[in-house]
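Letters A, B, ... mirror the listed sequences (proteins, then strands); counts begin at 1.
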There are 2 protein chains.
Amino acid sequence: MNYSIGQAAKKMGLTAHTLRYYEKEGLLPFVKKTSSGLRIFSEEDIGWLQMIECLKGTGMPLKGIKQYIDWFIEGDSPLQKRLDMFKQQKIKIEEQMRELKKHMEKINYKIAYYTEMVENGSDGVFERNKELAKERARLFGTPERK
Amino acid sequence: MNYSIGQAAKKMGLTAHTLRYYEKEGLLPFVKKTSSGLRIFSEEDIGWLQMIECLKGTGMPLKGIKQYIDWFIEGDSPLQKRLDMFKQQKIKIEEQMRELKKHMEKINYKIAYYTEMVENGSDGVFERNKELAKERARLFGTPERK
DNA sequence: ATAAATTTTAGAGTTTACTCTAAGTCAAGA
DNA sequence: TCTTGACTTAGAGTAAACTCTAAAATTTAT
């Protein structure tokens, strides 16, 4: 199945502008055109876009994604490079997951803290809730009150 | 313990430029200055910076972080707002984690695919590895070969 | 006391990833 | 055929988050 730029954009949740921009940046080297110049997005092109979204979603900048695509175009020889890139990316995602978990802990502490505050008034939270105080110490290292 | 801007920057893994920029954007309203104008970062300011880094790390733009800080400055009344913001942020983090996991699956597939390719040559991977083919179908929906 | 390092300010410049405009071309329905 | 909507291009504009510059002041080390 083929798509016009508008249809492809809708399918991917992007704008047509963005797709043209990606093409200009060399991220969509396989998109064909009609004799009159209209872009035709094939199912395969949609696959590329999904890959792009995946790498983008893990924080890879467009230049890095282009690198991957360029390696792909170069043919079979830099196979190892592509594999290495994905392995690298995997490590980055694992790092991100650890980061997110750490952040989540802090957010959870804040939620517990503010919930306590909203329920019991804003004073003496740490006097009344030793658990929260301990959690705070663990997360932030220093106590909030002298 | 107090820190100069350079020490604070080093401690946080940011540049002094960035700290001044944050201050200009209203993200560091509690940083004091000496009579001659040098900034003094207190332990509490470091705590704010850690909070900023935490929210930044979960994708909140600086303006959103400023909003939180402004609510804080306003005093106790918008307590519920702050709580709601953290709950919102928690939902966002959970979303991000799901996204990351989905991306991770795709990356893992690519790693399996390229590993197979590097080990066995680049042809007929799907003929030889039905498991990989099934995984691909699950992740991407469409087969790579007609 | 003096040299070197750090900090100050205002403001300009950069990068990334879009986002939009204008003027024109193309395609599909009434 | 006419009109409406989608598409084309080159290029300008935008927003976020830095990042850097320059000249002056301050602090620290010798």
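- Rounding to the nearest 0.5 Å places CD1 of I52(A) at 4.5 Å from CG of L27(A).
- As rounded to whole Å, 16 Å separates atom C1' of dT7(C) from atom NZ of K10(B).
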What string of B, S and - do you get for nucleotides 3-18 of chain D 5' to 3' if you count protein non-hydrogen atoms under 4.0 Å?
----SBB------SBB
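- Two rings, from W48(A) and Y22(A), have their centers 6.0 Å or more apart.
- The list of side-chain hydrogen bond (donor to acceptor under 3.5 Å, both in side chains) pairs with a residue in residues 25-35 of chain B, not counting sequence neighbours, reads T34(B)-S36(B).
- Taking CD of E95(B) as the reference point, atom CD of Q89(B) lies at 10.5 Å (rounded to 0.5 Å).
- For the atom pair CD1 (I46(A)) and CD (Q7(A)), the distance works out to 9.5 Å, reported to the nearest 0.5 Å.
- For Y3(B) and dT6(C), the OH to C1' distance is 18 Å, given to the nearest whole Å.
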